[in-house]
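The figures that follow rest on heavy atoms only: side chains count, while hydrogens, waters and symmetry mates do not.
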Amino acid sequence: KILADGKERNMQGLIEEMDRLRIPQGQQNEILYLSDYGLIGHPVWQLILQCVSSMSKSTFDPSRIKLPGNYIIKKLKGYESTSG
């Protein structure tokens with residue numbers, strides 16, 4: 001979907017992925033905002049992939065992302081502070 005600024009987004013796809021990761025609604029809203037509402041090419045997509053692939057790891061694996069919502073928000077806020 002393309003919004004008024006002419007940039008392509010996949011907000012519905014992002015919401016579906018966040019639902020699959022069981023990210024709470026409040027965190028989903030923040031992630032949508034931080035990702036410019038699912039902007040295609042935004043770093044949020046790489047973070048979603050990392051979280052999805054982490055789901056298959058053992059719960060005892062220290063590299064497993066246990067709180068994907070917190071993880072994505074923390075990373076996106078880190079990108080925000082370094083990009084401008």
Side-chain angles (χ1 to χ4, degrees):
K1 182 173 179 164
I2 298 173
L3 298 183
D5 62 9
K7 295 177 183 172
E8 193 176 348
R9 291 171 172 79
N10 184 3
M11 195 164 100
Q12 188 58 42
L14 183 54
I15 291 168
E16 288 168 11
E17 290 297 328
M18 290 190 293
D19 283 343
R20 186 159 69 126
L21 291 166
R22 296 184 180 87
I23 295 174
Q25 189 60 53
Q27 290 181 344
Q28 286 195 22
N29 293 340
E30 189 169 359
I31 291 166
L32 284 168
Y33 173 75
L34 290 169
S35 70
D36 200 3
Y37 301 94
L39 183 68
I40 301 297
H42 192 279
V44 73
W45 297 104
Q46 191 58 44
L47 295 170
I48 290 282
L49 283 174
Q50 287 174 17
C51 291
V52 168
S53 67
S54 174
M55 287 171 66
S56 63
K57 292 182 180 179
S58 160
T59 51
F60 302 107
D61 186 332
S63 70
R64 184 171 190 253
I65 299 165
K66 292 170 183 64
L67 297 168
N70 290 347
Y71 175 80
I72 293 169
I73 290 167
K74 182 179 177 193
K75 292 286 190 182
L76 290 180
K77 286 185 173 178
Y79 290 131
E80 216 173 49
S81 63
T82 58
S83 65

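Under a hydrophobic-cluster definition in which Ile, Leu, Val, Met, Phe, Trp and Tyr are linked whenever side-chain heavy atoms come within less than 4.5 Å, directly or via other members, Tyr33 and Met11 are assigned to the same cluster. Leu34 is connected to Val44 through a chain of hydrophobic side-chain contacts under 4.5 Å among Ile, Leu, Val, Met, Phe, Trp and Tyr, so both are in one cluster. Hydrophobic clustering (ILVMFWY, side-chain heavy atoms < 4.5 Å, transitive): Ile73 and Val52 are in one cluster.
A donor-acceptor contact shorter than 3.5 Å links the side chain of Asn10 to the backbone of Gly13. A donor-acceptor pair under 3.5 Å links the side-chain atoms of Ser35 to the main chain of Ile31, judged by distance alone.
Within the 4.5 Å cutoff, side-chain heavy atoms of Ile23 are placed close to those of Ile72. Side-chain contact between Asp19 and Gln28 is present, with heavy atoms from C-beta onward closer than 4.5 Å. Counting heavy atoms from C-beta on, the side chains of Trp45 and Leu14 come closer than 4.5 Å. Taking 4.5 Å as the limit, some side-chain heavy atom of Ile48 sits within range of a side-chain heavy atom of Leu21. A 4.5 Å side-chain heavy-atom check between Leu32 and Ile15 finds at least one atom pair inside the cut-off.
Note: Gln46 CD to Lys75 NZ = 11.5 Å, rounded to the nearest 0.5 Å. Rounded to the nearest 0.5 angstrom, Ser56 OG and Arg64 CZ are separated by 8.5 Å. Atom CD1 in Ile65 sits 11.0 Å away from atom CE in Met55 (nearest 0.5 Å). In this structure, Arg22 CZ and Cys51 SG are separated by 13.5 Å, a value rounded to the nearest 0.5 Å.
Closest of all the heavy-atom pairs between Arg20 and Glu17 is NH2-OE1, 2.8 Å. Across Asp5 and Lys7, no two heavy atoms sit closer than the pair OD1-N, 2.9 Å.
Around the NZ atom of Lys74, the shell of radius 6.0 Å holds no more than 12 heavy atoms that belong to other residues, nucleotides or ligands.
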